[in-house]
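Everything below concerns the one structure shown next.
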Amino acid sequence: MAIDDKVSAIYDELLKRNAGEPEFHQAVAEVLDSLKIVLEKDEHYADDGLIQRLCEPERQLIFRVPWTDDEGNVHVNRGFRVQFNSALGPYKGGLRFHPSVNLGIIKFLGFEQIFKNSLTGLPIGGGKGGSDFDPKGKSDREIMRFCQSFMTELYRHIGEYRDVPAGDIGVGGREIGYLFGQYRRLANQHESGVLTGKGLAWGGSLVRTEATGYGLAYFTQEMLKHHGESFEGKKVIVSGSGNVAIYAIQKVQELGGTVIAFSDSGAWVECQDGVDVEKLRDVKEVRRERVSAYVDEVEGAVLHEEGSIWDLPCDVALPCATQNELNGDHARVLADNGCSYVAEGANMPSTADAIEVYRERGIHFGPGKAANAGGVATSALEMQQNASRDSWTFDYTDERLREIMINIFKTCASTAKEYGHEGDYVIGANIAGFKKVADAMLAQGII
Ligand code: GLU
């Protein structure tokens, strides 16, 4: 059978067996497209059902999470943990608490995580979890009770050598604290390596909070450098205003760029003179308010409730909000306005159409599984510190992160070139991420 037909047959079967999971289909389609190029050279990667095994999670857990609100009403949410692939190390990936969460979303995230984690060069497998719980508007005590109920089921499935969750959308330092507390109580042991993103006094790592955003900035800086440019004098749009966006904005501005816009799910803020990062942190991290509060307090910032953040002319676009936030039409506007670099801080923020436009219009594009790998990479550094009962300095950890991101960019660039698609970092990331996992799976037999 021709490679194209072989891969199409695998994809058709996957669509049938995973009906109603469009985000998972999208993530797999993009990877399979790149794998055709590998299979043309090395057909043995299609042996022994390797591709089918890679697309089927090793284990999928779905569980009930009941909790009681401050008025005494009982709510029932659904919890998920998809343990996708552990060929390279224990399952590793975040937990997302957001009303949009369903099995398909967690599977797409877990699938992406396999390749992302492989690209870091560190010994971590891929997994993801979460719940359709909506933390918005909940009191601190409600969040705590929810986290405790969630962990009461999850704790038996995780562990330092088994599966190591962390944060994602809706799960930050506060939630990791409540989750760790409940794990420690149920397991009756202080097992630091079971979660990452912990507080500094109880096994956390310096730089973990900043890592995804900083890592994105380091990756993009390396991509700019590769094309003979730098952040100096560049206008940059960063969508979102959560943990990834805030520290991407901070580092981009330190590296000489001007961030001219950011957003939340309800509005976007234009700030042609740059972002006051300390003010943004105060609004989002301390007061947990909307971006409109930033506009009320910072001169020159303009709130937009209409139109799209991607309508604003810029040189570099860094989508850091959520999946499929940037579509083909947005990408065309970005290109028309002269934007020549896009790198993803969020997971799969560009639709397949948008990626097509980047290719057609010559936009240099860093896909999320490479560009946002700094978060999970620093989680793996946290695991190293936990395993050696050590804690590293900020500068040492930051330097390790920077080296990892530069390495990831170089790997994507050299792999794309090796396979005849120079400059296509999607193909580079997918192939490099895949080969390491695939070689490990082939060596470990049919399991
Ligand atoms: N949620 C982050 C990601 O998408 C980090 C996961 C982790 O640190 O395990 O990669």
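In listed order, ligands and their atoms are each counted from 1.
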Atom 10 (O) of ligand 1 has as its nearest protein heavy atom Lys116 NZ, 2.8 Å
Looking at atom 9 (O) of ligand 1, what's its closest protein heavy atom, distance included?
Lys92 NZ, 2.7 Å
Residues Asp33, Lys36: salt bridge by 4.0 Å N-O rule:
yes
Quick one: which ligand 1 atoms are inside 4.0 Å of a heavy atom on Gln113?
3 (C), 4 (O), 10 (O)
Please say whether Val164 places an N or O atom under 3.5 Å from an N or O atom belonging to ligand 1.
no
Please confirm whether Tyr425 and Phe409 have ring centers closer than 6.0 angstrom.
yes
Verify the ring-centre separation between Phe150 and Phe133: is it less than 6.0 angstrom?
no
Determine whether a donor-acceptor pair (N or O, by modelled atom type, separation under 3.5 Å) exists between the side chain of Asp424 and the backbone of Ile427.
yes
Hey, which atoms in ligand 1 end up nearer than 4.0 Å to a heavy atom of Lys128?
1 (N), 3 (C), 4 (O)
Between Glu285 and Arg281 (salt bridge meaning N to carboxylate O under 4.0 Å), is one present in this structure?
yes
Using a 4.0 Å heavy-atom cut-off, say whether Leu109 meets ligand 1 through its side chain, its backbone, both or neither.
neither
With a cutoff of 4.0 Å, is Pro165 in contact with ligand 1, counting heavy atoms of the residue only?
no
Heavy atom of Arg208 under 4.0 Å from ligand 1?
yes
Ligand 1 atoms nearer than 4.0 angstrom to some heavy atom of Ala166 are 7 (C), 8 (O), 9 (O)
Are any of the side-chain heavy atoms of Gln250 and Ile246 separated by less than 4.5 Å?
no
Which residue holds the protein heavy atom closest to atom 6 (C) of ligand 1, what is that atom called, and what is the gap in Å?
Gly94 N, 3.5 Å
Look at Lys234 together with Asp315 and state whether they make a salt bridge at an N to O cut-off of under 4.0 Å.
no
Proximal atoms of ligand 1 relative to Ser379 (non-hydrogen, under 4.0 Å):
7 (C), 8 (O), 9 (O)
Answer with yes or no whether the side chains of Asp163 and His157 bring together a donor and an acceptor at under 3.5 Å.
no
